[in-house]
Amino acid sequence: MDKIQHKNIQSNGINIHVAEIGRGPAVLFLHGFPELWYSWRHQMLFLSSRGYRAIAPDLRGYGDSDAPPSASSYTAFHIIGDLVGLLDGLGLDRVYLVGHDWGAVMAWYFCLLRPDRIKALVNLSVVFHPRNPKWKPVESMRAILGDDYYICRFQEPGEAESEFARVDTTRLIKKFLTSRNPAPLIVPKEVGFGGSPHKPITMPSWLSEEDVQFYASKFSLKGFTGGLNYYRAMDLNWELTAPWSGVQIKVPVKFIVGDLDLTYNTPGVKEYIHGGGFKRQVPFLQELVIMEGVAHFINQEKPEETSQHIYDFIHKFSSDSDFPR
């Protein structure tokens with residue numbers, strides 16, 4: 001971990017914090033919520049030891065990157081603008097892309113908007129959802145899963161933040177990262193996101209107190225608004241991406257998800273993945289991996305297996321001339 005280097009890059013009008021290690025073909029890692037570049041620590045060390053340059057930013061709103069206050073500053077166009085500027089600032093033309101959770105969502109958008117910058121994509125957890133021209137996403141979720149569905153609960157500015165503030169940040173991070181309930185996350189207001197403060201949280205072997213403290217220290221300083229603003233920009237993304245309705249993802253793709261991931265168990269997702277819908281929208285989908293007994297934070301729960309899956313896929317597209325001698 002000490003060998004991972006840190007720098008700040010000015011991109012798209014904001015400051016982006018970047019962690020990187022290694023020399024060789026570049027792999028760009030995009031984290032999710034409530035996470036940081038640190039979520040990719042295992043994969044960065046794994047790939048850098050095999051001749052790749054691993055790059056993981058704190059996305060806009062997170063960690064040591066800037067966090068504009070307005071949710072309207074967190075559209076896919078802002079995030080992909082940040083990332084294109086980041087690649088330009090690092091002198092990189094095309095990269096391998098890896099995403100998880102919101103990072104996966106933004107990775108799909110990256111491939112949709114700027115496929116010329118992506119060699120291949122390994123995405124974890126969240127499938128590509130084509131734009132439905134008739135339904136805004138939050139409206140659709142509210143109709144299917146109700147007002148207490150967590151994404152619906154995140155919509156009102158300040159509301160989730162005030163609930164989070166009533167819970168110790170360390171406990172909140174543990175609550176998120178250790179969740180293994182595959183059912184859709186329904187959080188009634190009377191229950192709240194922290195749950196019972198007296199109920200002990202069992203730590204899994206793959207998550208240490210040191211890991212939790214790293215996340216908690218950053219979120220205690222930055223707050224959660226930046227991360228929540230991605231959810232609050234979902235309907236705005238829908239409006240702005242109308243010109244891309246019907247456009248397929250046209251880069252080579254490997255998709256990995258755990259069978260206990262709440263995203264995999266969202267109504268309709270399994271049928272979409274295994275019934276041919278996913279392949280129609282992502283025609284260059286080459287590999288599909290369902291990890292048994294694995295929940296949402298797959299890259300941390302199964303670091304070796306996930307790293308190997310990433311390496312095996314991107315290595316197929318790497319030639320000997322790509323690697324430094």
Side-chain angles (χ1 to χ4, degrees), residues 7-20 26 28-37 39-40 55-90 92-95 97-118 121 123 125-126 128-131 136-139 141 151 154-158 160-161 218-219 221-245 247 249 251:
K7 66 177 69 173
N8 294 314
I9 301 284
Q10 287 292 318
S11 175
N12 198 20
I14 67 169
N15 178 68
I16 300 290
H17 165 252
V18 187
E20 68 169 296
L28 178 64
F29 293 93
L30 308 180
H31 68 80
F33 176 89
E35 300 178 88
L36 303 162
W37 74 266
S39 302
W40 297 109
I55 302 164
D58 283 333
L59 293 178
R60 171 183 290 239
Y62 286 93
D64 294 322
S65 293
D66 286 347
S70 172
S72 63
S73 297
Y74 289 79
T75 70
F77 293 93
H78 289 88
I79 309 306
I80 306 312
D82 296 346
L83 297 172
V84 169
L86 173 62
L87 297 187
D88 291 345
L90 294 173
L92 297 169
D93 179 28
R94 299 173 72 229
V95 297
L97 186 61
V98 182
H100 171 256
D101 188 80
W102 265 107
V105 175
M106 290 303 157
W108 292 125
Y109 276 124
F110 206 154
C111 294
L112 192 71
L113 301 175
R114 292 299 307 269
D116 58 304
R117 306 300 295 263
I118 308 302
L121 168 66
N123 243 358
S125 182
V126 181
F128 174 68
H129 293 283
R131 182 182 183 276
K136 292 184 178 181
V138 177
E139 184 179 275
M141 291 173 190
I151 291 177
F154 283 171
Q155 293 304 307
E156 184 62 33
E161 289 93 327
K218 298 297 182 181
F219 281 100
L221 289 172
K222 180 73 72 176
F224 289 90
T225 298
L228 291 168
N229 278 341
Y230 286 71
Y231 296 93
R232 293 166 184 161
M234 290 176 74
D235 282 352
L236 183 54
N237 280 329
W238 179 87
E239 294 177 20
L240 296 175
T241 55
W244 285 267
S245 287
V247 176
I249 299 294
V251 304

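These numbers come from a predicted model, not from an experiment.
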- Task: Could you walk me through whether Asp93 and Leu87 pass the side-chain contact (heavy atoms from CB on, under 4.5 Å) test, one step at a time?
- Result: CA-CA 7 Å; Asp93 179 28; Leu87 297 187; over 6 Å; no
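- Closest of all the heavy-atom pairs between Ile16 and Ser11 is CG1-CB, 4.3 Å.
- For the atom pair Leu121 CG and Cys111 SG, the distance stands at 4.5 Å (nearest 0.5 Å).
- When all heavy atoms are compared, the tightest approach of Thr225 to Pro69 is CG2-O, 4.4 Å.
- A 4.5 Å side-chain heavy-atom check between Gln155 and Val138 finds at least one atom pair inside the cut-off.
- At a threshold of 4.5 Å between non-hydrogen side-chain atoms, the residues Arg117 and Val251 do not count as touching.
- If you look at Trp102 and Tyr230, their ring centroids are closer than 6.0 Å.
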Apply the test salt bridge (charged side-chain N to carboxylate O under 4.0 Å, His left out) to residues Glu156 and Arg232: give CA-CA distance (whole Å), side-chain angles for both, the deciding distance (0.1 Å), then the verdict.
CA-CA 8 Å; Glu156 184 62 33; Arg232 293 166 184 161; over 6 Å; no
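- Checking each of Phe110, Trp244, Tyr109 against Phe77 for a ring pair (Phe, Tyr, Trp, His ring centres under 6.0 Å) leaves exactly one that passes, namely Trp244.
- Residues Ile118 and Arg114 come closest through the heavy atom pair CG1-O, 3.9 Å.
- In terms of heavy-atom proximity, Gly61 sits nearest to Ala67 at CA-CB, 3.6 Å.
- Atom CG of Asp235 and atom OG1 of Thr75 lie 13.0 Å apart (nearest 0.5 Å).
- Counting only distance, with no hydrogens or angles, the side chain of Asn15 and the backbone of Asp66 share no donor-acceptor pair below 3.5 Å.
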After noting the C-alpha distance and the side-chain angles of Asp58 and Val18, does the key distance pass the side-chain contact (heavy atoms from CB on, under 4.5 Å) rule? CA-CA 6 Å; Asp58 283 333; Val18 187; over 6 Å; no
- [ ] Under the salt bridge (charged side-chain N to carboxylate O under 4.0 Å, His left out) rule, what do Lys222 and Glu161 come out as? Steps first, then yes or no, please.
- [x] CA-CA 12 Å; Lys222 180 73 72 176; Glu161 289 93 327; over 6 Å; no
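- Here the closest heavy-atom approach between residue Phe154 and residue Ala160 is recorded as CD2-CB, 3.8 Å.
- Between the side chains of Ser65 and Arg60, no donor N or O sits under 3.5 Å from an acceptor N or O.
- Residues Trp37 and Pro57 are not in side-chain contact: their nearest non-hydrogen atoms beyond the backbone lie 4.5 Å or more apart.
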Could you go through the salt bridge (charged side-chain N to carboxylate O under 4.0 Å, His left out) check for Asp116 and Arg94 one step at a time?
CA-CA 7 Å; Asp116 58 304; Arg94 299 173 72 229; over 6 Å; no
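- Atom OG of residue Ser72 and atom CG of residue Asn229 lie 8.5 Å apart, to the nearest 0.5 angstrom.
- Looking only at side-chain heavy atoms (C-beta outward), Val98 and Leu28 stay at 4.5 Å or farther from each other.
- Side-chain contact between Val84 and Leu113 is absent, with no heavy-atom pair separated by less than 4.5 Å.
- Annotation: the span from His17 atom NE2 to Asn8 atom CG amounts to 6.5 Å, rounded to 0.5 Å.
- One finds the NE2 atom of His78 at 9.0 Å from the CG atom of Leu240 (value rounded to the nearest 0.5 Å).
- In summary, the aromatic rings of Tyr74 and Tyr231 are positioned with their centroids too far apart to meet the 6.0 Å limit.
- Asn123 has its side chain within reach of Trp108: a pair of non-hydrogen atoms, C-beta onward, lies under 4.5 Å apart.
- Closest heavy-atom contact between Pro137 and Met234: CG-O, 3.7 Å.
- Contact check for Leu90 versus Glu20: side-chain heavy atoms found under the 4.5 Å cut-off.
- Contact of the Ile14 side chain with the Pro68 side chain is registered, since non-hydrogen atoms from C-beta on lie closer than 4.5 Å.
- Atom CG of Leu59 sits about 5.5 Å away from atom CG of Leu30, to the nearest 0.5 Å.
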